[in-house]
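Heads up, the thing below is written out as structure tokens.
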Amino acid sequence: MSATLIRFPDGREHFAPSRSSNDPILLAIAEHRAALGAVLAAFARVDREDDEDEVTASAQARRMDAEFALFTTAPTTIAGVAALLAYLGTDARDNKEDTILEYAAGWGDDLGEAVRAFPLHLAAALTIIAAG
Amino acid sequence: MTSNSITPSRRSLLAGIAAAATPIAPALASAMGGLPASPTPVDPIFAVIAEHRAAFRALVDILEDHQADPAAETATSWGLEAAIRAVLTTQPTTIEGAAALLHHVGQHECLGMDREYEDRETVLTAWNDIEDERKRIAQDFPLRLASTVRAMAETATLRRIEPSEPDPIYAAIKAEREAYAPYCITKAVKRRISDQDPHPPRHLARKAIAERLAQPAHKAWWAEYQKAEDAHRVAAQVYWDAREEFLVTQPTTVAGLRAFVEHIDGFTHGEAGWDDDEKALAFPTLATAVRSMIGGAQS
């Protein structure tokens, strides 16, 4: 685990988990967070036509790609494993009903399989990290 | 265990059942580097996984025994539910335990123990569609495990940054404490002798002062006072040097950091306090020490 010294304009200093980590899961999480935000924004538009309109469909496609990456990218650090687990346990739709993991488990095909297999994949990643 | 209204038919029983997984390869547990691995599996999660496997096997045996007592079937199903709850809520204490737990919850919920049951759910997702507290237990699994894994990583970091050399802050604290008593004693002696002046000055007339200084009793007292003052000057110098040394000594361990902060910020009877200026002087020392420790952990 690493940390970065952050200096505030008033001279205060604070140690925070490093954002410069090369762990690819952090990028996958960031992209998924952004893609999810885009979907929620697309649905919230006043001029939205239906689920097939271009903005909504584009946002959904980005979200599906991001979701597949989220469940198939292997973390390379312990901090990445913890970040992934924490992120998957957060609210998927701002409705306090479904977590990101739970919501994604409802997909079929490759994505659904990736979601169901993700604990195995994460266990393997954790074992490799610990051994390395 | 919380009871529920589920009728223990084969399907309803299995709807809440998760798989019994094969534990992760023991060989993997031997190469855990600086992480909190244990050479022998003392992590309680292994027993919890084994209990889940046994509970599942017990239910399958009862379902296959067509003469089984329905009450026993119900009790067994509840035992299985309790075992699943334990799997989803017990926190591992080692990295290999965390890996084993993830491997276990990623298994198909029946793991081939019931060939008639073809649902595709895993241990982790099997409770997603059950609208009671079990859903929340499954939902919160990733967050709980994230906290546990994060704590393990922090513990591992702290272990890596603990050096083999003794932390110099303890000697600095000891020196400061030991210098305080002579400082206090010599100060008290000096004050006592000062109070014993046989001819204390009452006014500033030059003649009166000259007469007072000429008194033999005054000369004897003055010599004793000078001696006490010299002793106190030496003790004070040692004491202030020790305080300064403490303020610039960087702890090299997390325990040393805590000792530093408690020494300067706590009040212990018989010790001198530290004013705000001194505490301000301590901050750069602490900041540098923390920066060094984290830098050491990163390398």
Side-chain angles (χ1 to χ4, degrees), chain A residues 1-5 7 11-18 20-21 29 71 75 77-92 96-109 112-132, chain B residues 21 24-25 27-37 94-96 98-108 120-125 127-129 135-136 138-158 160 283 287 290-291 293-295 297-298:
Chain A
M1 197 176 65
S2 60
T4 300
L5 182 66
R7 287 194 174 83
R12 284 180 299 123
E13 293 180 336
H14 173 66
F15 280 97
S18 177
S20 60
S21 168
I29 292 169
F71 286 99
T77 61
I78 297 289
V81 171
L84 176 60
L85 285 166
Y87 182 64
L88 295 180
T90 58
D91 195 4
K96 309 287 182 198
E97 287 182 6
D98 299 320
T99 62
I100 286 172
L101 173 62
E102 191 181 1
Y103 187 78
W107 297 116
D109 300 331
E113 286 307 311
V115 174
R116 279 180 285 281
F118 116 87
L120 304 177
H121 150 82
L122 199 55
L126 194 53
T127 303
I128 290 168
I129 294 165
Chain B
I24 202 158
L28 297 175
S30 64
M32 294 296 165
L35 293 164
T94 59
I95 289 291
E96 70 264 35
L101 175 60
L102 281 165
H103 186 78
H104 184 68
V105 301
Q107 298 300 307
H108 182 276
R120 60 182 184 167
E121 298 300 337
T122 64
V123 175
L124 184 55
T125 61
W127 281 2
N128 278 356
D129 296 326
K135 180 183 175 80
R136 175 50 64 184
Q139 280 181 327
D140 289 344
F141 174 86
L143 292 177
R144 277 191 296 270
L145 191 57
S147 297
T148 300
V149 170
R150 194 174 290 132
M152 286 177 188
E154 286 168 359
T155 303
T157 300
L158 296 183
R160 277 197 294 271
F283 180 79
V290 170
R291 214 174 278 136
M293 284 186 202
I294 293 177
Q298 285 176 315

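Labels below follow one simple rule: chain letters A, B, ... track the order of the sequence lines, proteins then strands, and each chain is numbered from 1.
- None of T99(A), L122(A), L84(A), L101(A) except one satisfies the side chain to side chain contact (heavy atoms under 4.5 Å, CB included) rule with P142(B); the exception is L101(A).
- With sequence neighbours left out, the side-chain contact (heavy atoms from CB on, under 4.5 Å) criterion links T90(A) to Y87(A), I100(A).
- Between L124(B) atom CG and R116(A) atom CZ the span is 11.5 Å, to the nearest 0.5 Å.
- Partners of F141(B) under the ring-ring contact (aromatic ring centres under 6.0 Å, His included) rule, at least two apart in sequence or in another chain, do not exist in this structure.
- Atom-to-atom distance recorded for Q107(B):CD and L120(A):CG is 5.5 Å, nearest 0.5 angstrom.
- For chain A, no part of D140(B) is nearby; none of its heavy atoms comes within less than 4.5 Å.
- Heavy atoms closer than 4.5 Å to chain A are found in both the backbone and the side chain of A98(B).
- For the side chain to side chain contact (heavy atoms under 4.5 Å, CB included) with L145(B), the lone residue among L88(A), V81(A), L85(A) that qualifies is L85(A).
- Here the shortest heavy-atom pairing between P119(A) and L102(B) reads CB-O, 3.2 Å.
- In plain terms, the two heavy atoms of A86(A) and A146(B) that are nearest each other are N-CB, 3.4 Å.
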